[in-house]
Asker: 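Here you go, one structure.
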Amino acid sequence: YKDDQLIVINPQYDQRIYENKNYNSSVIFTDRSIYRPGQTVYFKAILYNQQNGKKDLLKRAYVNAQFRDVNWQVISEQKLTSNDFGSINGSFTIPQGLLNGQMTIDIGYGTVGVQVEEYKRPTFEVKFEPVTGNFALNQQVQVTANAKALAGYAVDNANVQYRVTRSTR
């Protein structure tokens, strides 16, 4: 009504809402989707201004990039200037000992989420050959498997431990 506006925050929003508006925005990229504490997050952003449906790059724009934790507290920040192509790039190191989850890079023209989790990269992979036949309780069974390191070479003389359990249903 009159000068009122409705802005719908939805992934399937109607782009026509913004066609005749003048605003600055960005497209932000990170080097991967998930990180561990202590790793470095590398990011790049392209800054642009949209006016009357036309997008122009923001050259020589000043940006205060902030890295925020899951509670939206500023961990680190950098002052950056976009180049002649409207892009900026930088990096932040994720500190140890903070709450894991969705951290954020906020550049003022937009934000991007960074997922931080304590995960361990597998060191090897085991592939079993199919076992054929029917076996009774306490009968010895021989299985064959290949163990390879993550890099692809075979694992020799590995200490193997396993446990077979059986339960009723």
Asker: Check whether any side-chain heavy atom of Phe128 sits under 4.5 Å from a side-chain heavy atom of Val143, and report yes or no.
Answerer: yes
Asker: Please assess Arg68 against Gln73 for the test side-chain contact (heavy atoms from CB on, under 4.5 Å), listing each intermediate value before the final yes or no.
Answerer: CA-CA 5 Å; Arg68 296 176 177 268; Gln73 302 300 311; over 6 Å; no
Asker: State whether the side chain of Tyr35 and the backbone N or O of Arg32 hold a donor-acceptor pair below 3.5 Å, judged by distance alone.
Answerer: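 The answer is yes, because a donor-acceptor pair under 3.5 Å joins these two groups.
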Asker: So do Val112 and Thr104 actually touch side chain to side chain, heavy atoms under 4.5 Å?
Answerer: no
Asker: Do Thr111 and Ile105 have side chains that get closer than 4.5 Å, going by heavy atoms?
Answerer: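 The answer is no, as the side chains (C-beta and beyond) never meet within the 4.5 Å cut-off.
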Asker: Give a yes or no on whether the backbone of Ala61 and the side-chain of Ser82 come within a donor-acceptor separation of less than 3.5 Å.
Answerer: yes
Asker: Indicate yes or no for a side-chain donor-acceptor contact from Thr40 to the backbone of Thr93 under 3.5 Å, with no hydrogens or angles considered.
Answerer: no
Asker: So, do Tyr48 and Tyr109 have ring centers that fall under 6.0 Å from each other?
Answerer: no
Asker: If you apply the rule side-chain contact (heavy atoms from CB on, under 4.5 Å), what do you find for Val63 with Gln78, and how did you get there?
Answerer: CA-CA 8 Å; Val63 172; Gln78 303 175 8; over 6 Å; no
Asker: Using a 3.5 Å distance criterion without hydrogens, assess whether the side chain of Ser26 forms a donor-acceptor pair with backbone atoms of Ala45.
Answerer: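 Answer holds: no.
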Asker: Go through the steps to decide whether Val116 and Ile34 satisfy the test side-chain contact (heavy atoms from CB on, under 4.5 Å), and finish with yes or no.
Answerer: CA-CA 6 Å; Val116 178; Ile34 187 169; over 6 Å; no
Asker: State, with a plain yes or no, whether a side-chain heavy atom of Arg60 is found less than 4.5 Å away from one of Asp84.
Answerer: yes
Asker: Is any side-chain heavy atom of Glu77 less than 4.5 Å from a side-chain heavy atom of Asn64?
Answerer: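 Result yes, sub-4.5 Å side-chain heavy-atom pair found.
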Asker: Run the side-chain contact (heavy atoms from CB on, under 4.5 Å) check on Ile107 and Ile28 step by step: do they pass?
Answerer: CA-CA 9 Å; Ile107 63 169; Ile28 308 171; 3.8 Å; yes
Asker: Side-chain contact test, heavy atoms from C-beta onward, threshold under 4.5 Å: evaluate it for Ile75 versus Leu98 and give yes or no.
Answerer: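 Of all side-chain heavy-atom pairs linking Leu98 with Ile75, at least one is under 4.5 Å.
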Asker: Using modelled atom types and a 3.5 Å cut-off, is there a donor and acceptor pairing between side-chain atoms of Asn83 and backbone atoms of Phe85?
Answerer: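 Such a contact is found between Asn83 side chain and Phe85 backbone.
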Asker: What I want to find out is whether Lys44 reaches Asp31 closely enough, with some N-O distance under 4.0 Å, to be called a salt bridge.
Answerer: no
Asker: Let me see the working for Phe92 and Phe43 under ring-ring contact (aromatic ring centres under 6.0 Å, His included), right down to the final yes or no.
Answerer: CA-CA 8 Å; Phe92 292 109; Phe43 68 94; 5.5 Å; yes
Asker: With clusters defined by side-chain heavy atoms of hydrophobic residues (ILVMFWY) lying less than 4.5 Å apart, directly or transitively, does Leu57 cluster with Leu47?
Answerer: no
Asker: So that I can tick it off, tell me whether Asp56 and Lys54 are bridged by a salt bridge, with the cut-off set at under 4.0 angstrom between side-chain N and carboxylate O.
Answerer: yes
Asker: Can you find a pair of side-chain heavy atoms, one from Phe67 and one from Met103, that are under 4.5 Å apart?
Answerer: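 Answer yes - side chains close enough.
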Asker: Please list all pairs meeting side chain to side chain donor-acceptor pair (under 3.5 Å) that have one or both residues in residues 137-151, counting only residues at least two apart or in different chains.
Answerer: none
Asker: Can you check whether Pro37's main-chain N or O pairs, donor with acceptor, with Gln96's side chain at less than 3.5 Å?
Answerer: yes
Asker: In terms of hydrophobic clusters joined by side-chain contacts under 4.5 Å, are Leu99 and Val41 together?
Answerer: yes
Asker: When you group the ILVMFWY residues by side-chain heavy-atom contacts below 4.5 Å and let the links chain together, are Val70 and Val74 in the same group?
Answerer: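 No, separate clusters.
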